[in-house]
Each structure stands twice: as structure tokens, then as C-alpha cells.
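All values derive from a computational prediction rather than experimental measurement. Heavy-atom basis, side chains included; hydrogens, waters and symmetry copies ignored.
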Amino acid sequence: MRLLRWDRSGVVVTKKILFNHRSLFVFFHQFSLATEADRGRDSTVTAANLSLRESQNIRKLLGCNEEISLLKVSVDEKDYFISKTEILGSTSPIGRSTRCIKAFSPERNGLVLLKDSWRVLLPTLQPEHEIYKKLHDSHVTNIPEVYHGADIGDDDHHATQTKLWLDKAVNPLGLTLRTHRHYRIVLEYLTFTLEEFEVTREMIEIVRDASIAHEQAVSLAKVLHRDISNGNIMFKRDK
């Protein structure tokens, strides 16, 4: 058998281990003594501890019933509440695993969009909240307001480690891996994606506004998006 260690950069695979080899028993013994964080549990997501009234109000806003658990998600020292069904991640074991989650913010007393991802760590790539600040400072229109953004947890448990093993391994092909860092950004809540337009006129107006935003981002802030799709063009309707 072999033991595999996955993270968002890739997988580390051991040599073959016999079932009766001492190293296998040592591994399971050490694993049983490890902390929950060392085993891969995200300590920044916990069960919500709310009063009945608070829970009912939040469930009403999130649109979930009593049978679905509520979770508390931390971003730095700020807490947000989400439905447990929203925490489902990407089907891919590697990559950024971007998830856009409807969340309740006690600070704002309303809904926000909580974006959870594993951003690539490169000197030339800024965190998303810093890019949004640049866009807003450059007066780019038709973009959401940003409330908060930060890397999550510590580097030992919320940054990928596979690249460290590759750097130690014999690598005749010169393969490279990226390091990913767990990251969350909290934005203005936008209710709909482009696919949820009601009439052709609305769809055209959404695409027009998105095009204006992307043109202004390039011309005013020197920022090129490079990942435009119907899934990440979002909008809200005026009441």
C-alpha cells in the first residue's frame, strides 16, 4: 500500500509499504496523536452558537430550514454565518477551489458574499481585496463594494506544502508547482448570475455594464481580468 498526502498544489505519495511494516503502525499512532488542524480540519469554520431568535432570523435571510445546521466562518477577527449546505467545495482535489457563499454578517446586519479560495502565492499577484481597492480608487464603475479580505489561519495549516517536497525530490523533468494560500474576501451581496436573467433586455444591460467595468479596469486601473465567464458576472435588481 501507499500513503497519499493531498493539498491544493498536488499530492505526495510514499513508496510501497507492507501491511506488516513497522512504519505503517508508527504512522497511524502519530496520526492518532495529531491535532485536528494537523489532520486537515479547518479551525476557522465551527458550529454556530446562537440563540433561538438569532438562529431563526439568520435562517430566514439565508433561506434554510431548521434541519440544516448553521456554521460560523471567520475572516481575521470577523465572524460570518452560513448554511452548512453552502460549504461544499470543488470536485477537483487541486487548484483554487473557489466558492462563492451566501453569508450573514452580524456587523452589517445583512447578507454578504463570502468568497473562499486558495489563491496562488506569487510576487506579481496581489490579493483580490487589494485589487478591488485599486479599482475603486480608480473610480471603476459597476463593481461590488468590498468589506474585508485576508489570508486565513497560519502558514503551516492554510498554505500548501507539496512544493516543499518537490524541491527535495529528484526532478529530472524540472517540474514546478505553485504554492496556494487559503484566502477569503467579503463582498457586497449580488443575488443573481448572468444565467438568471429574466428577459433579453436585462441580459444585454448586464453584459453592457460588465463590459464597461472591464474596459474601465484596463484603461483607468491597468487591471486585466482574464477570467470572464457567465458564472462570475453577477448582478442585483433595483427594488
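Placement of Tyr132 and Ile233 in two distinct hydrophobic clusters is found when ILVMFWY residues are connected by side-chain heavy-atom separations under 4.5 Å, directly or transitively. Residue Ile131 is not grouped with residue Val120 when hydrophobic side chains (ILVMFWY) are merged at heavy-atom distances under 4.5 angstrom, including chains of intermediate members. Under the 4.5 Å side-chain heavy-atom criterion for grouping Ile, Leu, Val, Met, Phe, Trp and Tyr, Val112 is not connected to Phe235 through any hydrophobic cluster. One hydrophobic cluster, built from ILVMFWY side chains closer than 4.5 Å, cannot hold both Leu164 and Val12; they sit in different ones. Transitive grouping of hydrophobic side chains (ILVMFWY, heavy atoms separated by less than 4.5 Å) brings Leu187 and Leu61 into a common cluster.
Of the possible polar contacts, none joining the Ser117 side chain to the Ser97 backbone as a donor-acceptor pair under 3.5 Å is found. Of the possible donor and acceptor atoms, none in the side chain of Asp155 sits under 3.5 Å from a partner among the backbone N and O of Ala159. Judged by distance alone, the side chain of Lys102 and the main-chain N or O of Ile82 form no donor-acceptor pair under 3.5 Å. Judged by distance alone, with hydrogens and angles left aside, the side-chain atoms of Asp7 form a donor-acceptor pair with the main-chain N or O of Gly10 at under 3.5 Å. Of the possible donor and acceptor atoms, none in the side chain of Asn142 sits under 3.5 Å from a partner among the backbone N and O of Ile212. A donor-acceptor contact shorter than 3.5 Å is absent between the side chain of Gln30 and the backbone of Phe27. Side chain of Asp209 to main chain of Ile206: no donor-acceptor pair is present (N/O by atom type, distance under 3.5 Å, no hydrogens or angles). Gln56 contributes no side-chain N or O that, together with a main-chain N or O of Arg53, makes up a donor-acceptor pair within less than 3.5 Å. Listed for the Glu54 side chain is no donor-acceptor partner under 3.5 Å among the backbone atoms of Leu52.
You'll find the side chain of Arg2 reaches within 4.5 Å of the side chain of Lys16, heavy atoms only. Counting only heavy atoms from C-beta outward, the side chains of Val13 and Leu3 never approach each other to under 4.5 Å. Using a 4.5 Å heavy-atom threshold, the side chains of Lys78 and Val186 count as separate. Taking 4.5 Å as the limit, some side-chain heavy atom of Lys134 sits within range of a side-chain heavy atom of Val223. In this structure the side chain of Asp151 never reaches within 4.5 angstrom of the side chain of Pro127, judged on heavy atoms. No side-chain heavy atom of Val146 sits under 4.5 Å from any side-chain heavy atom of Lys133. Counting heavy atoms from C-beta on, the side chains of Trp6 and Ile94 come closer than 4.5 Å. Side-chain contact between Asn57 and Lys60: absent, with no pair of heavy atoms (C-beta onward) separated by less than 4.5 Å.
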Side-chain donor-acceptor distances from residues 64-77 under 3.5 Å, at least two apart:
unit_1	atom_1	unit_2	atom_2	d
Asn65	OD1	Glu67	N	2.9
Asn65	OD1	Ile68	N	3.4
Ser74	OG	Asp79	OD1	3.0

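In summary, the side chains of Thr35 and Arg39 do not present any donor paired with an acceptor at a separation below 3.5 Å, with no hydrogens or angles considered. No side-chain donor from either of Thr160 and Thr162 sits under 3.5 Å from a side-chain acceptor of the other. Looking only at atom types and distance, the side chain of His129 has a donor-acceptor partner in the side chain of Tyr183 under 3.5 Å away.
Judged as a side chain to side chain donor-acceptor pair (under 3.5 Å), the pairs with a partner in residues 214-223 (not counting sequence neighbours) are, in order, Thr141-Gln216, Glu215-Ser219.
Between Met1 atom CE and Phe19 atom CZ the span is 5.5 Å, to the nearest 0.5 Å. The line from CG of Leu166 to CG of Leu177 is 5.0 Å long, rounded to the nearest 0.5 Å. Taking CD of Glu188 as the start and CG of Leu113 as the end, the distance is 9.5 Å to the nearest 0.5 Å. Here the OG atom belonging to Ser83 is positioned 8.0 Å from the CZ atom belonging to Arg59, to the nearest 0.5 angstrom. Separating the CZ atom in Arg181 from the CZ atom in Arg8 is a distance of 15.0 Å, to the nearest 0.5 Å. In this structure, the separation between NE2 on His180 and NZ on Lys163 is 11.5 Å, given to the nearest 0.5 Å.
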Q. What do the steps show when you test Arg5 against Thr14 for side chain to side chain donor-acceptor pair (under 3.5 Å), and what is the final call?
A. CA-CA 9 Å; Arg5 182 198 179 277; Thr14 68; over 6 Å; no
Q: Give the C-alpha distance, both sets of side-chain angles, the deciding distance and a yes or no for side chain to side chain contact (heavy atoms under 4.5 Å, CB included) between Glu202 and Arg237.
A: CA-CA 10 Å; Glu202 183 177 55; Arg237 296 188 177 101; 2.7 Å; yes
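Atom CZ of Arg41 sits in a sparse spot, with 12 or fewer heavy atoms from other residues, nucleotides or ligands closer than 6.0 Å. By the 6.0 Å contact criterion, CG on Asp227 is enclosed, its count of non-hydrogen atoms from other residues, nucleotides or ligands being greater than 12. More than 12 heavy atoms of other residues, nucleotides or ligands sit less than 6.0 Å from atom NE2 of His225.
A salt bridge (charged side-chain N to carboxylate O under 4.0 Å, His left out) with Glu128 holds for exactly one of Arg119, Arg184, Arg96, Lys115; it is Lys115. Of the options Phe81, Tyr189, Tyr80, a side-chain contact (heavy atoms from CB on, under 4.5 Å) to Phe104 is made by Phe81 and by none of the others.
Here the closest heavy-atom approach between residue Pro144 and residue Leu190 is recorded as CB-CD1, 4.2 Å.
The residues Glu205 and Arg201 are annotated as salt-bridged, a charged nitrogen and a carboxylate oxygen being separated by less than 4.0 angstrom. The existence of a salt bridge linking Arg99 and Glu86 is excluded, since no basic side-chain nitrogen approaches an acidic carboxylate oxygen closer than 4.0 Å.
Classified by interplanar angle (parallel below 30°, tilted 30° to 60°, perpendicular above 60°), the ring pair His182/Trp118 is parallel.
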